Each structure stands twice: as C-alpha cells, then as structure tokens.
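Data first, discussion second: the structure below is written as structure tokens.
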Protein chains: 4
Amino acid sequence: MAGNSFGIIFKITTYGESHGKGIGAVIDGCPSGIALSSQDFESEMGRRRPGQGGFDTPRKEEDAVEIQSGVFEGLTTGAPISLFIPSRDARSKSYEMLKSIFRPGHADYTYFKKYGHFDFHGAGRYSARETAARVAAGVVAEKVLGPVGMRVTACTIELGGISVESVDMNLVNSSKLYCPDPKAELLMEEALKKARADGDSLGGVVEVKVMGCPAGLGEPVFDRLDADLAKAVMSIGAVKGVEIGAGFEAARLKGSENNDPITPRGFKTNRAGGILGGISNGDEIIIRAAVKPIPSIGIEQETIDREGNPATIKMAGRFDVCAIPRVIPVIEAMVKLTLVDHWMRACVSKNNFIAETQRK
Amino acid sequence: MAGNSFGIIFKITTYGESHGKGIGAVIDGCPSGIALSSQDFESEMGRRRPGQGGFDTPRKEEDAVEIQSGVFEGLTTGAPISLFIPSRDARSKSYEMLKSIFRPGHADYTYFKKYGHFDFHGAGRYSARETAARVAAGVVAEKVLGPVGMRVTACTIELGGISVESVDMNLVNSSKLYCPDPKAELLMEEALKKARADGDSLGGVVEVKVMGCPAGLGEPVFDRLDADLAKAVMSIGAVKGVEIGAGFEAARLKGSENNDPITPRGFKTNRAGGILGGISNGDEIIIRAAVKPIPSIGIEQETIDREGNPATIKMAGRFDVCAIPRVIPVIEAMVKLTLVDHWMRACVSKNNFIAETQRK
Amino acid sequence: MAGNSFGIIFKITTYGESHGKGIGAVIDGCPSGIALSSQDFESEMGRRRPGQGGFDTPRKEEDAVEIQSGVFEGLTTGAPISLFIPSRDARSKSYEMLKSIFRPGHADYTYFKKYGHFDFHGAGRYSARETAARVAAGVVAEKVLGPVGMRVTACTIELGGISVESVDMNLVNSSKLYCPDPKAELLMEEALKKARADGDSLGGVVEVKVMGCPAGLGEPVFDRLDADLAKAVMSIGAVKGVEIGAGFEAARLKGSENNDPITPRGFKTNRAGGILGGISNGDEIIIRAAVKPIPSIGIEQETIDREGNPATIKMAGRFDVCAIPRVIPVIEAMVKLTLVDHWMRACVSKNNFIAETQRK
Amino acid sequence: MAGNSFGIIFKITTYGESHGKGIGAVIDGCPSGIALSSQDFESEMGRRRPGQGGFDTPRKEEDAVEIQSGVFEGLTTGAPISLFIPSRDARSKSYEMLKSIFRPGHADYTYFKKYGHFDFHGAGRYSARETAARVAAGVVAEKVLGPVGMRVTACTIELGGISVESVDMNLVNSSKLYCPDPKAELLMEEALKKARADGDSLGGVVEVKVMGCPAGLGEPVFDRLDADLAKAVMSIGAVKGVEIGAGFEAARLKGSENNDPITPRGFKTNRAGGILGGISNGDEIIIRAAVKPIPSIGIEQETIDREGNPATIKMAGRFDVCAIPRVIPVIEAMVKLTLVDHWMRACVSKNNFIAETQRK
C-alpha cells in the first residue's frame, strides 16, 4: 500500500525501476520563486554515480536530470516539480540467469513473498538505482536549506572495521572515500582492495553533521526530528542502524556524564546530537548510520530457488565492494529532505498566523 | 504542526500533559468485532507504572483506562476508540521552583524555543507520562496481532554498562528488570543502587524480538518496515539509537559473513533481523534500542534560566534512576503499533480486490 | 478505514457515539499562545443544542465542553487540544424497539452492511450528536480566523419549499430560523407547524457567506478551496448538495454572463462565489448546501428487519421536524475548519522560508 | 502547500503544465498482477482530446500515454506506476499577448496572488490540459473497478439551459454530446452553434451513474463516500456545484417523500442516490455536476493588468464553446479514482485480518 512518498509539506513521491525507462521524483510543496535548472543536479548526481572512487561498478550511467514541470522561466512556480532521469544503459540480459534464484541478503525473497513476483532485471524497484531519485530531490531541498544557512555533510568514520582516529572535515571532499582521516583512508583502501580480490564486500559507518540548523525543528510526540531522521536514513536499503549524538554510547554513560550543561554561550557538550525532546536545540546535529556490506559477492552462497529447492549462487561480473562512498550523497539527501520538511513545518508552528495578515 | 498521530490504517492520535486532567489516545481504524474492555489494559498499564521494580519514583498513579467510545456491547464497532487515562495525582506545586530554569538533558529549552513557553508542571507534553497513552493503544494493537500469531517481547540486554552474557527469554517476565540473564541482573541491581546513592542515573540497551511475523510486511521505498520501526522506537524520548538485526555490528562484517544463507527450511542465520529490503522475511524480527540515562539527577548541573543567565540546578525529591524497566512496555507498544499498521497495509497489498467481491 | 480526521495542518479527529460516555475532538496543529477557556464554547454549543427555536426535540443536553489538554494557564501551548463533551442523558431504553429494524433514510442499513452491526441506541456514531464535536472544534478554528478578519455566517434561504425574497443579514441572528427575510420566516414557521402536525419533516437550503477571506487560499489541483469546502459540507449527514457562487445556476449562464469583470476596485460581480481556479480571490465566499428532510417521521414507512423480512416502522416520541436551524452552526463549523486549515496552508505557500530565518 | 495528490490507498500525484514538456500522474498503491499496456489508454484519452464532437478547439494533441514504471512483462508489480504524456504541440507564442492581463473567469488573478506569478503560456498548471493526467489515472482505476463489477457512466442532462426530457443510456455513447435524449441533443447543438457565432460559451449539467457498487463504501465521519465524491468532482476547474441523488430537490421534499422505502428486494426509490450516512447502500450511485460556461470568450470583457490598471480583453483564436463533452471523461475519471480508493478502504474495513493469516 502506497509507501513511496516522504514528507508532509515538502512531499516527494518517487517511482521507477533499474533497467526500466527511467526513474523519477515528483516534489509537491516546494516554495515558488527558487532558481532551478538541470545543471544544478550535475554535481550531486555525479557523486552518486557508479565509478566514483575507483572502487565501484564501471557501468556507465549519465544520470542527467530532466525537469519536466514546476519551473517557468528558470524559477519554481509552486506547482509540482517532476524530475526524470532516463535510463541510458538498460542491458537486462546479464540478469536473466537470476530469474529463479533468490540472492541472499537481497530483497528478491521478500518482494516475491509480498507481491507474488520478483523483477530479476537488476532488482527492479529495490535496486540502488532508485536512490538517484532521492538524490535529485535532495538537490531541490538544498535550494531551500542553503539560504537558511543549513549545511549537511557526511563522512566515513569507519569502513571494513577500520575507524578514523582524527576528524578534519576539510579533507572530506577531496577524499575518494569521504574520509576525514588520511591515515585511516589508506587502510580502508587496502581493505577494499583485499575484499575485491576475495570477491567479498565491506560495510562501514557514516556520520552526518548538520550545521546551522536553528532551534525548533521537530513535531512531537511522534514526528520528532530524531524519529523522522531515523526513518529517513533507515529507509535506505543498506542501512541497518541509526543513532543520534552519543547514540548507543549514551546507554553506557551516567546522567551526569550524558547531560549537556547549558551556558549563556550555548551547550558545553553535544551528547544529545543537537536534538532534545525530539526538537533541534540549535547545536550541530549528529547522525550516524550503520551501512551493511553489499550482499552481491563473488563467493558461492547457499540459497533456494522460487520453488524452494536448494541452490547455490556466485555473482559474476563486477560489483561494488562497498556501498560507501556511493551511499553518502543518498544519506545526505534523505537528511536534507527531512530537514526541509521539518523546517517548513517548524515555520508553521512558529508562525504568527494573525500577524501574517499584515504581511499580505 | 500536527505531529501527534501515528499509523496510516490503524491510526492513533494522542494528547495530554502530565499534571493536566489526563492523557488519552484515539484509535481510528481498528477493525470491528474485537472484544475489548477496561480490564484488558490493567496488566500493561501496571508494567509501565512507576514503582515497578522497586527502583522507581514511588508516585502513585492508578492509570485506569476508560473506554469512551468505539465499543458497543463489549465489541469494537469500527468507530474511533477513545481511551482516556485521568490523572489522579496532579500536585504541581513541587515543580514551581523549576519555573524559569532549563533542566539539562530535558526538552525545557527546545519547547521554549519552539512554542514560546514551557510547561514547568512536570514537563507537560514531553513528560514520560505521555507514553501511558501509547501503552494503552498498544493493548488494542495486541488484540489484532495476537490472533495472527505475532508476539512482541522486549528484554534488557545492557544496563549501566553491564551486558547480559546469556539469554533465557523464559526468565524475562519474572525479572524486575526484564533481564534474561540472572547473573547480569544482580550486577545491574548493584549498579542501580550505587547510582541512586550517588544521585546519578543510568542508561541501557533494550532488545525487542517479534516472533510469528509473516513475510511481506513493509511498504518500500520509504515506508519500509525497518524505517517505520526505527521512527516508532526513536519517537520515545529516552531512545538515542536503533538498530535492526546485526545493526552496527553489520558494518564490521564482510558480505560473506553478513548475508543470511537461505535453505528450504528457512534462513540459516538472522543477521538481517528478519527484514530484507524493508520487508519482513518471516524470520524473527530483532530491534535494539539505546536508552539514555534519565536526565533528572540529584547532582548539581550548570544551566541557564529563561533570560539566558547562568544558573545551577540540582533536582530534589525521588526520581527514577533508569528509564529501564519502565520504558520496556512503551517500546513494545510502539513496535506493536507499527506492526499492526503494517500488517493491515500488507493485507491491502496482498489483497485480491477482485476476488474480494465474491466474499461479500 | 480511518476516516475520522479532517485537515492537514489544523487537524481534528473526532470520536464518540450518542448515548455513550461522551463525544470529543482532538485538535492537533493549533498554534500556541491563543486564549482558550471552557466558556468560549458555550454560545456555539447552545446554538447547536436541541430545543433551540421551539421546533426541536426537547431532550436536554448540556453540552459543556471540557478542555482536557493543550491549554496551560489559559493559553494554547501548541500541544494537541482535547475537547470532551460528556453525555448527560444517556437513556437508551427508548431505542430498544429499533434493535432489529432498519429505519428508512437512516444509516442503519449501510452501517450494518459495512461493519456487521448497527448501534440501535440512538444511531451511535452516525447520530447527529456527533456533530457537537465539530462545533466545538469550530470554536477553536474561529479563534484563529477572527483576528485574521474572516467571518463566517450562515442563513436559511429556503425551508419546506419557501424561499427568501430579500436578504438582510442583520436579521439573521435574531431569527430562530436564521432567516434573513421576516416574511419568509413566518411562512416557514407555518410550514414547520403543519409538518409537525402531520408527523412529517422538512428540508431546506442554507447559504454560507465568508467575509474577509484574503486571496490565495486553496491548494490546486486537488486540494482546491472549493473542493475541500464541498467535502467539508457534504460530510454532514443531512447535506445532499453543495454549490459555490452561482452554482447550478452557472450551468445556465453564458460565459459573457458568468465571468466576473475585474476592475481596479475589485470584481464587479461575484458569480464565482469568491473562488477562481480553486483559490480564493479576496471576494466574499458563497456556499450553499441542500439539507434533506429529517428521516425520522411519525408516519408509517415500509422497511425490512436485519433478517431481510418486510416490516413497517413509525417513529414514536418527539423528533426534530427540520435539521435547520440546528445544522447551521455545524455547517459554519465545517466551513471554519476548512478555512483555518487552508489559511495555514496558504501561509506556507506564501511563506518566504528563507526570510523566516531573520525573524527568529 | 502540497495539494496535488488524491486518494489514500490508491494514491495519485499529478504534475505538469500546458505547453511544458508534458504532464503525468504517479499512481502509488495499485495492486500487483493487473495487465496494463499503453494501448489501454487510447480510447479514454481520445474522448478527452480536443476536436471531439466538432465543437472544440482543433488543436492537435496526440496524448499518447507512456508507462514509465510499475509494469513488468505486461503486469503491474505493486511499485508506483508513472504515466507520462509528452506535449507535442507547445506553441507558446500565441499567448505572449496575455502576459500581463488577467483573464476574467480564469485563475490568472488568483495564481498571481498566491504564487507571485502567473504562467501566461496557456494557463500553465491550471490549464484544462492538466486533466489528461487524471483521465490516464482513471484508466488504471477502471482496471480494478471493472472486474469488481462497477461501471461509471456520465451523460449530459442539460446544456445551455436545455434539459433532457427522456433518458436512454444506450444512446449516450453514440452521441457527440453524451446526450441520452436525441431531441434535446439537436437543440443543444443549435445552442452551441449560436454561442460559437456570438463568440460566447455555454455551461451545462452532467449526471454520473455508478452501477454495480456494493454496499459498504465510505469511511465516516469525514471520509464519507458522498463527501469524497463531492471533493473529487468539485476539484475539476469547470465544476461549481455537486449533488447526490435528489440533491437540491431533496431540500423541497418532505421526509415521507424523500425517504426511500426498503423492501426485501432492495430500495423502492433512490432519492438517496445510493448513499446513506456516507456509505454506499448497494443501489445505483447518482451524482450531478454543474459545469460553468468556459471563461475564454470572443467578446470584449473588462479586466485589469498586473499593475492593477483597467484593461479590456477579447480572446482571439478558436476556443471551445462548452467544457461538455470534454469534461465528461474527466468527471468519470475522478469518480473512478474516488471509488477505487474507497473500494480498497472498504476492503480494509471489512477485512477479517485474523482470518487473513490462513490465506497466506
């Protein structure tokens, strides 16, 4: 039942399958008067594209975003913005062999159980390709967040069991792995090479920082900012865990250690990760996501076919070794989409609807 | 902006503040024909009530649930079910002193920033008392889940830094701390006593297991079962992290280790935690929640008042030392509410709407 | 499936049955800082109450509204506002005889078909008593609309086939029938007396005028202001038709007659009824609702029982002869609830979310 | 704020402007396993296309519907179905002259007030072209309704003040004006010719009949079937009034006349129009819509420009004289979309979720 929309005021609906005609997102609720062109999408779509970092599938996707509606003479109009990303490279033949076998760790089995079929052409709706629509929508979200002063940056703090020991956010953008610690990055690259040689894959932990978020975002008791961020990030296929601020570490602290003292100049520490009682407190928001290793591996695995008979599978071809770094712009996009919706919702909550009359 | 509803088909809306007239939940979308009486709520409400376990606030709340609508001659009618829990013990005086000081770790500061006020009478809407309405609604959810065969059980696997070393689920219900390991429980009790003596508080980790969940629950790409579970659990004030299955540990595994092999008799392992691609796979669902230490402590803390002047605060009176065990029925309730909504949504997705005609 | 909520930003959820413990409305999304007390409801609840106008059921209902949450020290807090109206007069015995017979024109038959039961105690959820919750919620809506300058007034322009020939809105409030034409009112009263003597009932047409609505309310293409007003008014049990501006008469006009010429001082005519393309144009909004005759009559009617056997029914006791005037405050409330939600949505659409930063 | 979606379970979101790249609809929540191809859309899209009936704009639009997602090997998959209708004929030049003048009866003025701009290229989002996306979505709705046995048929019962005197539904499909009375049709055609010669336009009344709708559709108290049908039909630009069954005529009947007697073989009359208490009663559903005359006329009209200066406008070129017959498939589509959503919602309400387990 209808589960492909996200957001209340800034609402996106996505569609499309890998190896279909294309994928897209319709954004309903974007404010009018914002400059938007196809070029705005290039850099983010490039970051998500395979082949970045030298560790990923060399399949070529151009991922050009076509604006089909909602923009007139270069400005958003307030009408729905339809973003379409045509598929350039729809070779479905190579997947034919997977027609009847459930790949371990993939959603083949559950889609088959739920919908009575599974789309063997590169995973269909549950392919990572679906996330391109999220990244495109995130670019539009950024257009609202940027001028407000919010900045969302994610980096890799752990990969293949290797953790960063220092964090220099200035290094993130020049790092192929979005890693803020050059020493750790070298070890991560080693680990990736080894995994590739073994036909295996790796996971990691991504940390997102939101700077410039004003206090007041979040709509308790259910649509808390942390709750909606958790949903947003967990809705990405590769993510198996989410934490805010001190997160699981907070479970090991005492109250006297975990509480952030408040001073006239702000919070002394930030174990809360910028969110108290489900509402942003004006401090940096900190989210961490656990990214599982990619399930497609070149090692033989035990499985069953559609009829339930035992089978084995060993993926041929070249697959990504790690969802990081490609998942990073997707995580950022989901965080941005959550923030823009909550920013607009918070404006409603703060709005003096009576004074509004005078502004007309 | 309106954030006090949860669920799409089985939709709850909660209201009420601590020290107000009472709190309540309205359930819209409960199937008709289900037996329901006030007595059905007693046991769960009792589990949530302070004073359980001997470690908690001795404040007496009876927490009797009144069914105000939606039940006729003992059966649900399909109309909205209004559950009301009157407050018995609304002594607001003892909080008067907190009128102008923000308590560290609490939502005083963010509510003040968002709504322009804060309710100093025991935290108002963001008091833990609000969760009683969730527990009451969870009892109704259980009425649907039970006959389907789903069973939700939570236990304490870590408290104050002490982890369980063995898990015997049969011990959970007889344990004051819902702890499946009696040795660990003794150490946890020691830690609680010490924290109490120090005026400090502790956190922990709760693990939820869902048995009997059929394959097919979850509505990708956004309303995935894991995403909605993450939101549900993270919407509880004390929770700062959520993971599914191997969770953050999955980030350290290789694909060959993390993938669950499939056999004709089911999955060989369960690192996925019962969810693949956002859809339940028929295996046990495993969720873990990081519970932070309670922010109210009897140790002096640095803070500010409403005008931004430096201040210190030291909570007097008797407070809970740890949100566990009282948060356990709340976590279970949120998991149940997510499951019942997704169960009904999955029935829609699986429904043969055409064949439905014949059944009329 | 969950259909008891109305509105997106200013969202109400109602519950309760006639002859149950009471009925209520939970408002989620009301701005904070608005003065609200139980006394605010008295006048509107009085207008809806039976016994008004001398033509209605003499059953005594006090309809006192209890504010259970969301108000602190006399001001709304931004948290959900729970309004509860306890039932004082729950005599269900007199309805016992209706246990197994479907009353023509009532929803007994369809509720039985849908939910597998029908509540013979005075119609249960589909009793007109349910509308008291709407009127109560409308009072809170008014608290937002009033200061903005919006004023909603309904009057009776037709009753029992008698139409008004002149309209003096100043007479409406002093008229028992909310009739703006004293001559017509006399004839209407005659018609009501005759219908009462015959044991029969009458219908009529209500016209609603909204003054002071600024241009810009309405969210095309589906959530147009006229579309949502039509839904709001048609959601009242007695209403069988809705029109805006010239309405059905517009179908008989030529374009050159129906178009409202625009001048620097505004629209020259108002056949559009204040709404163009689904968006308010700043002119007076005009809505008309067709109110059917009350189905409960003291004349024998043909029907069937639960088992499908032929039966006859003749309602005993004293029933209202006409839903007018009691339905008038209900129609006004639904219009207000639609306007307040669209007013807040329009503020979102107009909002300069970027400039918002500076206002914080 | 986000108002371009319709439906809860079978949810559509539309986008696109006239003279843009195209328009589209994304359907989220369509059951899987339904045969669907591009050809399925041809006949309905043809009915909506200009040039039908010989009375309309001769502008050529091919309106071919491309299925971009959600269908695999000819069957729906349960994933969102994206329908795209590329624009073939985007000549915007001829509209350049309208850049700064508000056309009376159109939404130029209100869009400008709401969004701060208006799209002079053929009305942009509020062009009738937008309705093509609704018709396309309605074709998919029909795929669910057809096998259930529901049949939606609309006809013209009044045009330019000429009413039908007899109704033979067999004649509707062979009539250019969907008129069930050949004598009236001749007079209507005369009226259309005269209006065209005068440069004027006409309105009319459309009646929709739904046959085969089972009892039980509708979700009180707000999401009643009649309320949602009213919203659906009123959300079409040309519609200014909606009534169900006897509609406004019911306001003139007595209860003894308006109540439909019930017999073991069904309802004796159908003044209720097939809906009681907001729920379908199994009888034919009857809806009537008032269609206003098209505002674009070749007669000089008084108006203002963007700066508020007086101006006159006289539309050149060839415009439709009457929205009928082109609006007929749009009204049918909106009725179908309402019915399919309510059919699925009613299945939820009727569902024995517990017995569902056995069916898995």
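Predicted model, so just to flag it, every value in this text is computed and none were measured. A note on names: the letters A, B, ... follow the listed sequences, proteins ahead of strands, and every chain is numbered from 1.
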With chain A, the option among B:P261, B:G161, B:P264, B:G218 that has the most non-hydrogen atom pairs under 4.5 Å is B:P264

Do B:F222 and A:T14 come close enough that some side-chain heavy atom pair is under 4.5 Å?
yes

Please find the pair of heavy atoms, one from A:A251 and one from B:V205, that lie closest to each other, and give the distance.
CB-CG2, 3.8 Å

Honestly, the part of B:A232 sitting under 4.5 Å from a heavy atom of chain A is neither

Name the option with the most non-hydrogen atom pairs under 4.5 Å to chain A; the candidates are B:G241, B:A227, B:S5.
B:A227

Quick check for you: to the nearest 0.5 Å, what is the distance between A:N4 atom CG and B:D223 atom CG?
8.0 Å

So which heavy atom on B:A290 is nearest to which on A:G247, and how close?
CB-O, 3.8 Å

Taking B:T110 for its side chain and A:L276 for its backbone only, find out whether a donor-acceptor pair lies under 3.5 Å.
yes

Part of A:L159 within contact of chain B (heavy atom distance under 4.5 Å)
neither

When B:G199, B:A289, B:A238, B:A272 are compared by non-hydrogen pairs under 4.5 Å with chain A, the top option
B:A272

Evaluation steps, side-chain contact (heavy atoms from CB on, under 4.5 Å), between B:M234 and A:I244
CA-CA 9 Å; B:M234 196 74 103; A:I244 305 291; 3.6 Å; yes

So which residue, B:N309, B:T263, B:I299, B:D260, ends up with the most heavy-atom pairs under 4.5 Å with chain A?
B:T263

To the nearest 0.5 Å, atom CD1 of B:I236 lies from atom CG of A:D226 at 11.0 Å

Look up atom CG in B:L217 and atom NZ in A:K113, then write down how far apart they are to the nearest 0.5 Å.
13.5 Å

Below 4.0 angstrom, N of the basic side chain to O of the carboxylate: do B:E302 and A:K268 qualify?
yes

State whether a side-chain donor-acceptor pair under 3.5 Å links A:S256 with B:D200.
yes

Is the side chain of A:N259 donor-acceptor paired with the backbone N or O of B:P295 at a distance under 3.5 Å, no angle test?
yes

Taking B:E243, B:H342, B:R271 one by one, which has the highest count of heavy-atom pairs under 4.5 Å against chain A?
B:E243

Less than 4.0 angstrom from a charged side-chain N to a carboxylate O is my criterion; do B:E257 and A:K292 meet it?
no

Report the option among A:G105, A:G278, A:S201 that has the most heavy-atom pairs separated by less than 4.5 Å from atoms of chain B.
A:S201

Is A:K240 paired with B:E249 through a side-chain N to carboxylate O contact shorter than 4.0 Å?
no

In terms of heavy-atom pairs under 4.5 Å with chain A, the winner among B:G255, B:G216, B:G203, B:G245 is B:G255

If every non-hydrogen atom of A:G277 is compared with every non-hydrogen atom of B:A107, which pair is closest and at what distance?
CA-CB, 3.7 Å

Closest non-hydrogen atom pair between A:Y109 and B:N281, with its separation:
CE2-O, 3.5 Å

Tell me which of these, A:D198, A:L202, A:D228, A:L225, has more heavy-atom pairs under 4.5 Å with chain B than the rest.
A:D228

Would you compute the distance between atom CZ of A:R252 and atom CD1 of B:I162 and round it to the nearest 0.5 angstrom?
12.5 Å

Let me know if A:V221 has heavy atoms under 4.5 Å from chain B in its side chain, its backbone, both or neither.
both

Output for pair (B:I294 CD1, A:K254 NZ), nearest 0.5 Å, gives 15.5 Å

Gap separating the CZ atom of B:R345 from the CE atom of A:M1, nearest 0.5 angstrom
4.5 Å

Under 3.5 Å, side chain of A:K231 to main-chain N/O of B:R224, donor-acceptor pair present?
no

